[in-house]
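I have placed the structure first, in the form of structure tokens, so that the comments after it can refer back to it.
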Amino acid sequence: MLRTHTCGELTAAHADQTVTLCGWVEKTRDLGKGGVFVDVRDRYGKTQLVVRPHLQEMLETAKQLRSEFVILGRGKVSLRPLGQANANMATGEVEILLDELQVLNASKVPPFLPSAQEMPSEDARLKYRFIDLRRPKMQQTLVLRSRIVKKIRDYFEENGFIDIETPILGRSTPEGARDYLVPSRVHNGQFYALPQSPQIYKQLMMIAGYDRYVQVARCFRDEDLRADRQPEFTQLDMEMSFVDEEDIIGMIDGLMKRLAREILGIELPLPLPRMSYDEAMRRFGHDAPDLRFGMELIDCSAWAKTVDFRIFRGAVDEGKAIRAINVPNAAELFTRKKIDELTLFVQEDFGLKGLAWLKCTTDGKLEGPIAKNFTESQLAELASATAAVPGSVLLFAADEYERAGKALYGLRRRLGLELKLYDPGQMHFSWVVRFPMFAYDAEENRWAAMHHPFTAPLDSDLPKLESDPAAVRAKAYDLVINGYEAGGGTIRIHDNVTQQKVFQLLGMSPEEAEHRFGFLLEALRFGAPPHGGIALGIDRLIMLFAGLDNIRDCVTFPKTAKAIDLMTEAPNVVDDRQLRELGIQVKPKNG
RNA sequence: GGGGUCGUAGCUCAAUUGGUUAGAGCACCGGCCUGUCACGCCGGAGGUUGCGGGUUCGAGCCCCGUCGACCUCGCCA
């Protein structure tokens, strides 16, 4: 090692020791004949180096130093003169009186400084990621990530899990997300697919008898990005044999309790709260509700049947729903302009025709342009049903039950943030369970698996598998943190008969199922134990534990919304020779 | 694929109703400064206003197109 200490560890206790530090120049303060002060930084912290004026040669070197030069400084740790300690610095009690200063490497003028108060633009940060990653905040996040992953691995090891790797080059499975494909050189015209998750492999490991499997697995999905979604991401993937939902949920409960305690310093009461999918959709309009605040959805459909107002009455008569949220203390905030803005939001993002509203005045009356369509007693009933109090604004969505819920979920999430209805530092963990097995795909006119086609139905719903698929619920569970799906899993089907029934329902002929998943179906015939598991989104988990609102800030080299790496400029064209070897000819997409 | 916000100096931003030579802070370059720590002082350099077109006597500003970043809907078993 060139250095004896890091830039973050020296204190008064080290006084009079001779030390060598290495790091990046954060800042120099040249006092002319008074010498030069140099703040040197590494990922552990910052230390002040002092170049004294009588050391002529060193002074010359010091005057050449610029931001982000890499230097080595050797000298004696010295207490700073009385009254000159810097309380804002961990090492502020001391400074190094240099007797050697080396420039290990110069630096071009950086496009931005890691120490800058103002955040550089996201483009600049991504293009010069190696500089962005020098920012203390990024370094803290990556350290946090490392600590969390270590704790997760420890936890599973203590619980008897085996860390097992599975292939990255696999076979495309048409269900689910779009695959990233890798052309085969040896087999012209054939492709591997990168794993969307190690789902099938881990099931095969269960069949192989490795009853507690865990993997920190890189996964790939070629779908559009979001603030909380990258095309390449990391899952904590686990699977257990001879278990039911309770075992998996309990195992993750224990993990969350430990992480919350050791990372956040909070005690989570176990078991973590659970809510059925139906309840989540009814109360929040979404399957991953943010439970840090109220403002739940209220179903006003029954009430709407008693009124003459065409928009409401007409909707319920057509079988649609009237759903509402009661926004507290918003009557004054919600100007006409604000309501127009929210209306546009639900129209453009959720396809609602409009947004009806009523304000609750100081004397408890509901007012607004639509109020004249209701009688006094109807308004009073509504006020009571929605728990409207002075200052409340009621926002109504009149549409299909699900669409109305989705729009109000959007409003609830947006307004919760805008109106600061919760403390952003607060954390809330819960489970959403008993998902439907199937969702009807109107476009393709068929049933589709809501999770994946290997998900086991609830035992009690098994008889309904053929008679009423919509009513069949799955042994599926999602871990929800602060309104984000942090993970999801299922108990799998372990017998071939049920599996075939599910395939059949999904419109997959035995031949087709055999063609797509033959190896798994075959394996299920060779003594498959009951098994199930879960996968947690590590990146998202880090984001939430770090209090970030963006997944790119906890990934080293993330992609942009167009799935580009601005630093390496991947993806990019390849040599003709490479294409020839693969037997690939590129045609313009719209040619 | 749709909708929205944004794009001005290396960085973060400003520029009145469309009107003179597009400004500031930081960074950079030169000089000065004997205890600084957001050091200070003096001076300097730095611009295809993302790109292309249009309207206009005149465009950073208005219009059309396009590219890019971000947010979002669709999508994400």
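Lettering follows sequence order; numbering is per chain, from 1.
Regarding contacts with the backbone of C71(B), a side-chain N or O of Asn550(A) is found under 4.0 angstrom from either OP1 or OP2. Using a 4.0 Å cut-off, no side-chain N or O of Arg29(A) falls inside it from OP1 or OP2 of U36(B). In this structure, Lys406(A) reaches the G74(B) phosphate: one of its side-chain N or O atoms is under 4.0 Å from OP1 or OP2. For Arg226(A), a side-chain nitrogen or oxygen approaches OP1 or OP2 of C73(B) to under 4.0 Å. For Lys27(A) and C37(B), the shortest distance from a side-chain N or O to OP1 or OP2 is not below 4.0 Å. Note on Arg403(A): every side-chain N or O is 4.0 Å or more away from OP1 and OP2 of C73(B). Residue Ser121(A) has no polar side-chain atom (N or O) positioned under 4.0 Å from OP1 or OP2 of C11(B).
Checking C33(B), G35(B), U12(B) against every side-chain atom of Glu118(A), the shortest atom distance belongs to U12(B). Nearest nucleotide to the side chain of Arg80(A), out of C37(B), G35(B), C70(B): C37(B). Proximity note for Leu566(A) (side chain, C-beta onward) versus C73(B), G10(B), A69(B): the nearest is A69(B). Side chain of Thr560(A), nearest nucleotide from C75(B), C70(B), C29(B): C70(B). Nearest nucleotide to the side chain of Arg66(A), out of U34(B), U72(B), G30(B): G30(B).
Along RNA chain B, the nucleotide closest to Pro53(A) and the one closest to Arg178(A) are compared, and the more 5′ of them pairs with Pro53(A). Heavy-atom nearest nucleotides on RNA chain B were determined for Asn88(A) and for Leu113(A), and the one closer to the 5' end corresponds to Leu113(A).
Checked against the 6.0 Å centroid criterion, the rings of Phe454(A) and Phe517(A) qualify as a close aromatic pair. With ring centers used as reference points, His286(A) lies 6.0 Å or more from Phe284(A).
Base pairing of G65(B): its partner is C51(B), meeting the Watson-Crick or G-U wobble criterion (both donor-acceptor distances under 3.5 Å). Base pairing annotation: G19(B) forms a Watson-Crick or G-U wobble pair with C57(B), both donor-acceptor distances under 3.5 Å. Shown here, C41(B) forms a base pair with G31(B); the pair counts as Watson-Crick or G-U wobble because both key distances fall under 3.5 Å. Here A9(B) sits opposite no nucleotide as a Watson-Crick or G-U wobble pair (both hydrogen-bonding atom distances under 3.5 Å).
For the pair Arg323(A) and Tyr401(A), the distance from NZ or CZ to the six-membered ring centre is under 6.0 Å and the angle to the ring normal is within 45 degrees.
Side-chain contact of Gln196(A) with Asp179(A): a donor-acceptor pair under 3.5 Å is present, judged by distance alone.
Leu21(A) has its side chain out of reach of Thr6(A): every pair of non-hydrogen atoms, C-beta onward, lies at least 4.5 Å apart.
Put simply, Phe37(A) rests on the base of U36(B): the two rings are less than 5.5 Å apart at their centres and nearly parallel, under 30°.
Gln196(A) comes within 4.0 angstrom of no nucleic acid atom, judged by non-hydrogen atoms across all strands.
For Gln48(A) and U36(B), a side-chain-to-base donor-acceptor distance below 3.5 Å is present, hydrogens and geometry of angles not being considered.
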